[in-house]
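Every chain is numbered from 1, with letters handed out A, B, ... down the list of sequences.
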There are 2 protein chains.
Amino acid sequence: MNEQIGRIDGGMPADSALSVEAFLTPQGELPAASDCPVRDVLDRLGDAWSFLVVLRLAPAPMRFNALKRAVGGVSQRMLTVTLRSLERDGLVNRKVFPTTPPQVEYSLTQLGFTLVRPMAELTRWASDHHASVRQARAEYDAGAA
Amino acid sequence: MNEQIGRIDGGMPADSALSVEAFLTPQGELPAASDCPVRDVLDRLGDAWSFLVVLRLAPAPMRFNALKRAVGGVSQRMLTVTLRSLERDGLVNRKVFPTTPPQVEYSLTQLGFTLVRPMAELTRWASDHHASVRQARAEYDAGAA
DNA sequence: CAGTATCCTCCTCGATACTG
DNA sequence: CAGTATCGAGGAGGATACTG
């Protein structure tokens with residue numbers, strides 16, 4: 001069912017050009033998220049850590065603690081969990097060097113690299129429009145009061 | 001595909017839309033997520049509903065229950081919460097028609113439309129690589145057993 | 001260094017009931 | 001139709017302690 005979904009196109013100013021319908025159920029009956037690729041991806045990338053980890057690994061491979069410091073604010077447990085997830089999804093490579101103390105290097109797989117581009121677009125949007133969002137929030141909150 | 005990736009590196013920002021470093025803390029010391037635009041955006045879009053709602057509103061405005069059916073699987077409460085969030089962030093417009101019964105129409109703002117494009121890119125990635133991810137998972141799980 | 005194991009706490013989210 | 005209010009279960013995720 002999800003074979004032809006592509007076709008986002010790339011020229012128009014947003015409202016047309018987007019065959020968004022294809023990603024979603026025509027009648028929206030089913031409650032299941034399992035058959036929707038969008039959901040599947042977002043469930044992974046949704047947690048802030050996955051996104052940031054992939055971004056951080058894009059320039060160069062990194063070891064566990066370096067990554068932990070680089071990401072900032074992530075607990076050891078969550079970083080481990082996140083990396084396992086990404087590894088399982090084939091986005092991240094885990095390479096162990098049997099030295100003492102042990103070294104483990106994480107890097108993006110080829111599949112992982114293909115994600116960097118779209119993620120960077122979103123990141124770019126974030127930096128471009130962050131101010132607008134903040135302002136909109138401020139106005140909304142002001143109006144509510 | 002990797003040839004593009006080198007430009008991600010912070011070494012040469014130039015015109016690049018993809019200087020990832022800029023969004024992240026140099027030393028990653030601070031635990032706060034507040035100052036990072038990436039986090040800010042992802043926290044919004046992270047919940048599957050926001051993403052799907054924006055996608056659904058891209059082609060045309062929609063009323064509450066139509067949206068609820070279209071998204072599928074979202075509870076009334078979560079849709080309300082999600083829409084309020086998006087409205088607060090200036091991404092969605094809420095227009096009330098004082099009829100009986102009341103009609104409320106939701107649509108994307110101009111700012112909201114600018115998000116559609118990057119979101120569609122990610123969606124596109126999802127549909128393109130969904131199979132690979134599923135396979136990677138299967139292999140990983142097989143190896144674990 | 002790079003984890004694993006446990007506990008424990010919020011906080012999200014769904015279910016349900018009520019309203020203009 | 002389009003919400004709001006309230007409650008309760010469940011899971012995400014932090015803190016801590018231990019290990020190869």
Could you tell me whether B:Asp128 and B:Arg124 have a side-chain N and a carboxylate O separated by less than 4.0 Å?
yes

Less than 4.5 Å apart, any side-chain heavy atom of A:Leu86 and any of A:Leu108?
no

Expected string for nucleotides 1-6 of chain D under the B/S/- scheme (protein heavy atoms, under 4.0 Å, primed atoms plus P, OP1, OP2 as sugar-phosphate) is BBBB-B

Between C1' of D:dG11 and CG of A:Asp47, the distance in whole Å
14 Å

Are any of the side-chain heavy atoms of A:Asp89 and A:Leu111 separated by less than 4.5 Å?
no

For C:dA5, the Watson-Crick or wobble partner whose two distances fall under 3.5 Å:
D:dT16

Whole-Å distance, B:Leu79 CG to C:dA15 P, equals 14 Å

Can you check whether B:Leu67 reaches B:Leu83 side chain to side chain, under 4.5 Å on heavy atoms?
yes

Begin from the C-alpha positions of B:Arg39 and A:Phe51 and carry the test side chain to side chain contact (heavy atoms under 4.5 Å, CB included) through to its verdict.
CA-CA 9 Å; B:Arg39 283 291 253 301; A:Phe51 204 98; over 6 Å; no

Do B:Gln135 and B:Tyr140 have side chains that approach each other closer than 4.5 Å (heavy atoms only, starting at C-beta)?
no

Atom pair distance, as rounded to whole Å: CE in B:Met78 and P in C:dA15:
12 Å

Which whole-number value in Å describes the distance from B:Asp43 CG to D:dG13 P?
11 Å

